[in-house]
There are 2 protein chains.
Amino acid sequence: MARDTRERLLDAGLALFAGNGLAGTTVSDLEARAGLRAGSGSFYRHFTSKEALFEAVVRQELDRFRTSIGDTTIGESTVADVKIALALEFHEALTTLGQLGQLEAIIHRDAHAMGDLFDEVEGLYNAALDASAARLNQLMESGQLPRRDPQALAVTIRSTLIGYHLNTQSFRRSARRVPPADLIAILIDLISSK
Amino acid sequence: MARDTRERLLDAGLALFAGNGLAGTTVSDLEARAGLRAGSGSFYRHFTSKEALFEAVVRQELDRFRTSIGDTTIGESTVADVKIALALEFHEALTTLGQLGQLEAIIHRDAHAMGDLFDEVEGLYNAALDASAARLNQLMESGQLPRRDPQALAVTIRSTLIGYHLNTQSFRRSARRVPPADLIAILIDLISSK
DNA sequence: GTCTATACAAAGATAGAC
DNA sequence: GTCTATCTTTGTATAGAC
């Protein structure tokens, strides 16, 4: 195996917890997916329990989330056409949702098992939302977008993107064949209409 | 007990499967919640297995879903002001999502365990979406709403409502204190802007 | 660091008394 | 129709050889 077993177990945990939930994933499943013999207790050489791995997985994804928020510099872009800037921003958001979709899935499934970490998730989520509202407000101030309640608009946009993403995920394809680009186009048309 | 045990087991199943998932719910949990002695096999006098109850629960909720779609007559309302009609319609949709939220939760958790029933869920979902698109199209034809792709707009609206609902559910309160009424107001403002 | 073997606990399921 | 008791299966976890 190329990578460290501990790392492979983290990967296995991410995929299986997201797909089958904490209770729906057995230590044997994790071992099998990490290339270990299922049923051998080899898992326990790396983590003290299934719950310990769960927490490690969530922590790892949280760090990725934090990083991806920091990387989003589009908010400060100087693209002249607001519509283009927003299109890029929304596309980026959908991509990020795709990448962090497994954390999303874990949150929706086993939020209760996350303990303190849940508060941290919520904090990060709200920070992202506030940044988005500030950005929208700025665009409204400069007259590039019609004036509306920035906080409510940010929540609306975020809800739309998340709803579309989760839906696509649940039904394993875009709802009624409306591709991401069409959704983004409509969304931008809507918020730039007066 | 007032109601039939079978019925109480269905209720218990709906609540527990939605909250803890199929794998996260034990037969003992179900028995306890239905007022039976946990650990006694009394459950098996009513259902042949945990999976059998799961299927019965999903079927029952699907029927409720079907009924609730049929009941939505607002689409044919003659309220003069489109904005008011839409506000009522969206509010109704959010309420329905709340009532069917447990089915939603089950779908997001254990879609894989639903087998054939999943296709039925998807069919109903798409039917509701098509009805919404047709309604929007009608409003555009009569000039009461600005012209946009009805299918894409319907998906956008539905995504927003579902995203908002799921988010509120995950974080146990409205995102950044934006109440449902504010979301609906923004949404209507957006789609009626030209 | 992974395996075989095994102990132990939890959960699914059945039999039979009441 | 629910209970006690019990059996079986599955899953968690540890010990010790390689």
Side-chain angles (χ1 to χ4, degrees), chain A residues 1-60 105-106 109-115 117, chain B residues 1-60 105-106 109-115 117:
Chain A
M1 297 285 173
R3 279 156 40 262
D4 200 58
T5 300
R6 186 189 155 87
E7 224 177 305
R8 293 198 321 269
L9 280 171
L10 282 166
D11 288 354
L14 179 60
L16 294 176
F17 292 147
N20 308 324
L22 179 58
T25 302
T26 69
V27 171
S28 291
D29 294 338
L30 292 162
E31 286 172 332
R33 180 140 187 157
L36 297 172
R37 173 76 192 256
S40 75
S42 296
F43 171 91
Y44 295 97
R45 295 279 171 179
H46 304 275
F47 294 93
T48 58
S49 69
K50 192 170 71 166
E51 283 67 28
L53 172 64
F54 181 78
E55 201 182 307
V57 165
V58 173
R59 247 179 236 291
Q60 175 186 257
I106 290 176
R109 272 175 191 284
D110 295 300
H112 52 90
M114 292 176 48
L117 287 178
Chain B
M1 299 284 174
R3 278 151 45 260
D4 203 57
T5 299
R6 185 189 156 88
E7 223 176 305
R8 289 192 331 262
L9 280 171
L10 282 166
D11 287 354
L14 178 61
L16 293 176
F17 292 147
N20 308 325
L22 179 58
T25 301
T26 70
V27 172
S28 292
D29 293 339
L30 292 163
E31 287 172 331
R33 180 139 186 157
L36 297 171
R37 175 75 191 255
S40 74
S42 295
F43 171 91
Y44 295 97
R45 294 280 169 179
H46 304 274
F47 294 94
T48 58
S49 69
K50 193 169 71 166
E51 283 67 29
L53 172 63
F54 181 79
E55 200 180 308
V57 165
V58 173
R59 246 179 237 291
Q60 176 187 256
I106 289 175
R109 272 175 190 284
D110 296 301
H112 51 91
M114 292 175 47
L117 286 178

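Keep in mind the model is a prediction, meaning the values are calculated, not measured. Within every chain, numbering begins at 1; the chains are lettered A, B, ... in the order of the sequence lines, protein sequences first and strands thereafter.
- Among the nucleotides D/dT2, D/dT4, C/dT2, the one closest to any side-chain atom of B/Leu36 is D/dT2.
- When every heavy atom of A/Phe43 is checked against every heavy atom of A/Leu36, the shortest pair comes out as N-CD1, 4.2 Å.
- Rounding to whole angstrom units, CG of residue B/Leu30 and P of C/dA11 are separated by 12 Å.
- A search for side chain to side chain donor-acceptor pair (under 3.5 Å) contacts involving B/Ser28 returns nothing, not counting sequence neighbours.
- For the pair B/Phe17 and B/Val58, the minimum side-chain heavy-atom distance is 4.5 Å or more.
- Between the NE2 atom of B/His46 and the CG atom of B/Asp4 there is a distance of 7.5 Å, given to the nearest 0.5 Å.
- Taking atom CD on B/Glu31 and atom P on C/dT14, their separation rounds to 13 Å, with Å as the unit.
- Against DNA chain C, the stretch residues 42-55 of chain B makes heavy-atom approaches under 4.0 Å through B/Tyr44, B/Arg45, B/Ser49, B/Lys50.
- B/Leu22 contributes atom CG, which lies 7.5 Å from atom NE2 of B/His112 (distance to the nearest 0.5 angstrom).
- Partner of B/Phe54 under the side-chain contact (heavy atoms from CB on, under 4.5 Å) criterion, chosen from B/Asp110, B/Thr25, B/Leu14: B/Asp110.
- Here the nucleotide nearest the side chain of B/Thr5, chosen from C/dC3, D/dC3, D/dG1, is D/dG1.
- Summarising the geometry, the separation between CG on B/Leu16 and C1' on C/dA11 is reported as 15 Å, rounded to the nearest angstrom.
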